[in-house]
Q: 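Handing you a structure now.
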Amino acid sequence: MRDYPYKIGSEQVTVRVVENAEDLAAFEEWATRAMSAGAVGVDCETTGLEMYAGDTLRTVQFGDAYTGWVLPVEKSPRLAAVAAEYVRRIPLMVGHNIGFDLRFIDRHLGVSLEDTWPRSRDTYIYSHLIDPLEVKDGGIGHSLEALTRKYVDAKTADEVKGSITGLAKEYKTTKDKVWSIVDIDHPGYNLYAGMDPILAVRLFQKLEPKVPSVSAHLVPYEHLVAMICSLIDRNGFLLDQEYSQGLSDKLRADEEYAAAHAMLWFGVESVNSTDDVASGLMDLGFRIPGRTATGKYKVDKALLDSLVVDDPEIGSPAHLAAAVQEAKRASKWRSSWVDKFLNGTDAEGRIHPYTNPLRARTARMSITGIPAQTLPSGDWIVRRCFIADPGQTIVSVDYKAQELRVLAALSGDPTMRAAFAEDADLHQLTADAAGVDRKVGKMANFLQVYGGGAAKLADNAGVPFPVAKRVIQAFAAKYPGVAELSKSTQAEAKRNGRIVTATGRVIPVDPDRAYAGLNYKIQSASRDVTARGLINLHNAGFTPYMRLVVHDEVVASLPIEHAEYGSREIARHMRMDLRGVDIDTDPEIYGMSWGHGYIKD
DNA sequence: TCGTGACGCACC
DNA sequence: AAACGGTGCGTCACGA
């Protein structure tokens, strides 16, 4: 046994690294006692983040508030078997972002997510329910380091963080790469690994009582949502490798052709450099009107769009703009998306998204791995990379105008409620009230949800400011309940510095941006509508067919012969009533690929 | 060479 | 009176 003593404040703790059969027996004796005494911390060190595509487990750690045990499972199948046995047996496991570890354990230790999640508690979830703010928004964030600093011990936080930086330095590499190459017996690595479950247990003890009482019921709910998301992630989405490779090749050719144009005709070396493009344009005598916040030339899509014409004169600014646009498009599509897909497949040719079910201040989810929330929707060719399983077809079910229906529910506004009850055209309704086009009415509706004002409406809709102002006033007059909710939410935000959502989530609001409170209420309640829909789907047995959850939409792969019925069932399970408003859903059968839903004619 | 901020851009 | 909410991620440019 190798023991590493450590002090958290004045308290002595120990990290113990298992080396032989005798040590293992000591671990088992400890574990048997610890798991009957309370929550046991669980954590894994891995070679990297890709549990489905190449990375594997190096160590599994267990711990209570005073002792952390490191089982270097990489060294022997016996150690892995014992780790798996205790992961199966421990009645209550805690970890920070434990969903990550459970995914690894599911894939590489053979203990399923279905088995582990119901016995697991995630300190990230508690942290988010207590204070969802990230560092960039003025919060402490949700890193183990920051939480340790605030709730456990500052010196420990500094040293634990410092140890990784030191490790990376020692191995002359970066922090992300050191995990796979560090010696499994390195004392600093072992100490870091063994401290993690100790800190998770201590954090759990501190955080659990701090969840606001209005949010208490969200604790089991968020754990369930997290489990479902990890099950969907585990399913993965089948990639059409041949199509994707062909697309990658074509995008590369497109990019090279357009970039060569920019270079040869205009001397623009890098189309992604706004500086380069700006000088290219200015060399042609074009004056760039906009400046960025830091005073540089603003060369963005809006500027380039304004330059592009149908049949550009060779050597003109329009010609340069078109070449830059095309090169940027092709390069982004290939490097951000298609090549990522091709490099991210597992042995069965599937890509696994990584869903953080509780991400934004409003609890909105985020998805990486498959950046499903940001793929182009105006064009089908990228989404076409993802296909249904053999014999299946892709279906999608989304909520119809989810956020506006939620707004109708939260505000109780009679006009808006009636509109949805009758399936009326809300955008037209707003437009008629203000005497403008439907397009402007639609923008006004969305802007209301986002908290925008007349200036933005004028900007977006391309109408004069006084008209925009009139539309905003007409909106308030048409939907007095919304105006009232907006007012009371701002008052709530100013008074308390935070708002409480329909589902009992406490969300801080920047006092200078009290108007944002209404959006938080709408966005957050909408997220919970989707999350509850997910729970319904899970209870109805649909989880194995699910592929992605994108804000107000669920994508699934269903057997062709059952797609019609299945998609209607999914829509039925997702649909719900919120304060008397029908949050209605719309099923659609796409075809053999995700892109088939986006093919326009 | 690495980490980070600025910027731009994809989506809901 | 006026106020655009949220996310991820790529490249460039720059400073340690």
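Residue numbers start from 1 in every chain, and the chains themselves are labelled A, B, ... in the order their sequence lines are given, proteins ahead of strands.
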Q: Output the rounded distance in Å from CG (D512(A)) to P (dC4(C)).
A: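 Checked: the CG to P distance equals 13 Å.
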Q: Under 4.0 Å: is that the gap between some side-chain N or O of S366(A) and OP1 or OP2 of dG8(C)?
A: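 Answer is yes, contact under 4.0 Å.
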Q: Just N and O in the side chain of K469(A): are any of them under 4.0 Å from OP1 or OP2 of dA2(C)?
A: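 Yes, K469(A) has a side-chain N/O under 4.0 Å of OP1/OP2 on dA2(C).
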Q: Looking at D300(A) and K298(A), does any basic side-chain N land under 4.0 Å from a carboxylate oxygen?
A: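 Counted as a salt bridge, because a side-chain N and a carboxylate O are separated by less than 4.0 Å.
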Q: Would you tell me if any nitrogen or oxygen in the side chain of R359(A) comes within less than 4.0 Å of OP1 or OP2 on dG6(C)?
A: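 Looking at the OP1 and OP2 atoms of dG6(C), neither is under 4.0 Å from any side-chain N or O of R359(A).
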Q: Report the nucleotide, chosen from dC9(B), dA2(C), dT11(C), that has the shortest atom-to-atom distance to any side-chain atom of N272(A).
A: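 The answer is dT11(C).
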Q: For a quick test of reading the model: is some side-chain N or O of Y450(A) closer than 4.0 Å to OP1 or OP2 of dG6(C)?
A: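 For dG6(C), neither OP1 nor OP2 has a side-chain N or O of Y450(A) closer than 4.0 Å.
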Q: In whole angstroms, how far is the P atom of dA10(B) from the CZ atom of F341(A)?
A: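 Interatomic distance, CZ of F341(A) to P of dA10(B): 15 Å.
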Q: Using a strict threshold of under 4.0 Å (side-chain N to carboxylate O), is an ion pair present between R405(A) and D423(A)?
A: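 R405(A) and D423(A): salt-bridged.
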Q: With a cut-off of less than 4.0 Å, is there a side-chain N or O of R513(A) near OP1 or OP2 of dG6(C)?
A: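 Yes, R513(A) has a side-chain N/O under 4.0 Å of OP1/OP2 on dG6(C).
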Q: When you get a sec, tell me which of dC7(B), dG3(B), dC12(B) is the closest nucleotide to the side chain of K296(A)?
A: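 Among dC7(B), dG3(B), dC12(B), the one nearest the side chain of K296(A) is dC7(B).
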Q: Any idea which of dT7(C), dG6(C), dA10(B) is nearest the Y520(A) side chain?
A: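 Ranking dT7(C), dG6(C), dA10(B) by closest atom to the Y520(A) side chain puts dG6(C) first.
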Q: Does a side-chain N or O of T362(A) approach OP1 or OP2 of dG5(C) to a distance below 4.0 Å, or not?
A: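 Negative; the distance criterion is not met.
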Q: Quick one: D275(A) CG to dA13(C) P, roughly how many Å, whole number?
A: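 Answer to the nearest Å: 5 Å.
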Q: For dG5(C) and Y515(A) - does any side-chain N or O of the residue sit under 4.0 Å from the phosphate oxygens OP1/OP2?
A: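 Answer is yes, contact under 4.0 Å.
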Q: Should the pair H261(A) and H319(A) be assigned to parallel (<30°), tilted (30 to 60°) or perpendicular (>60°) ring geometry?
A: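 Taking H319(A) first and then H261(A), their aromatic rings stand perpendicular (interplane angle over 60°).
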Q: Between F386(A) and F341(A), what is the ring plane arrangement, given parallel below 30°, perpendicular above 60°, and tilted in between?
A: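 The arrangement is perpendicular - the two ring planes meet at more than 60°.
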Q: Hey, does the side chain of S336(A) come within less than 4.0 Å of dG8(C)'s phosphate (OP1/OP2), counting only N and O?
A: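 S336(A) to dG8(C) OP1/OP2: no side-chain N or O under 4.0 Å.
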Q: Examine dT7(C): is either OP1 or OP2 under 4.0 Å from a nitrogen or oxygen in the side chain of T374(A)? Give yes or no.
A: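 Indeed not, no polar side-chain atom of T374(A) lies that close.
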Q: Please confirm whether the shortest side-chain N or O distance from K332(A) to OP1 or OP2 of dG8(C) is below 4.0 Å.
A: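 Checking K332(A) against dG8(C): no side-chain N or O falls below 4.0 Å of OP1 or OP2.
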Q: Whole angstrom is fine here: how far is it from NZ in K136(A) over to P in dA6(B)?
A: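 For the pair K136(A) NZ and dA6(B) P, the rounded distance is 13 Å.
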Q: Is the positively charged end of R103(A) above the ring of Y354(A), judged by distance under 6.0 angstrom from the centroid and angle within 45° of the axis?
A: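 Yes; both conditions hold, so R103(A) lies above the ring face of Y354(A).
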Q: Quick check on dT1(B): is either OP1 or OP2 less than 4.0 Å from any side-chain nitrogen or oxygen of K172(A)?
A: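 So the side chain of K172(A) is outside the cut-off, no N or O lying under 4.0 Å from OP1 or OP2 of dT1(B).
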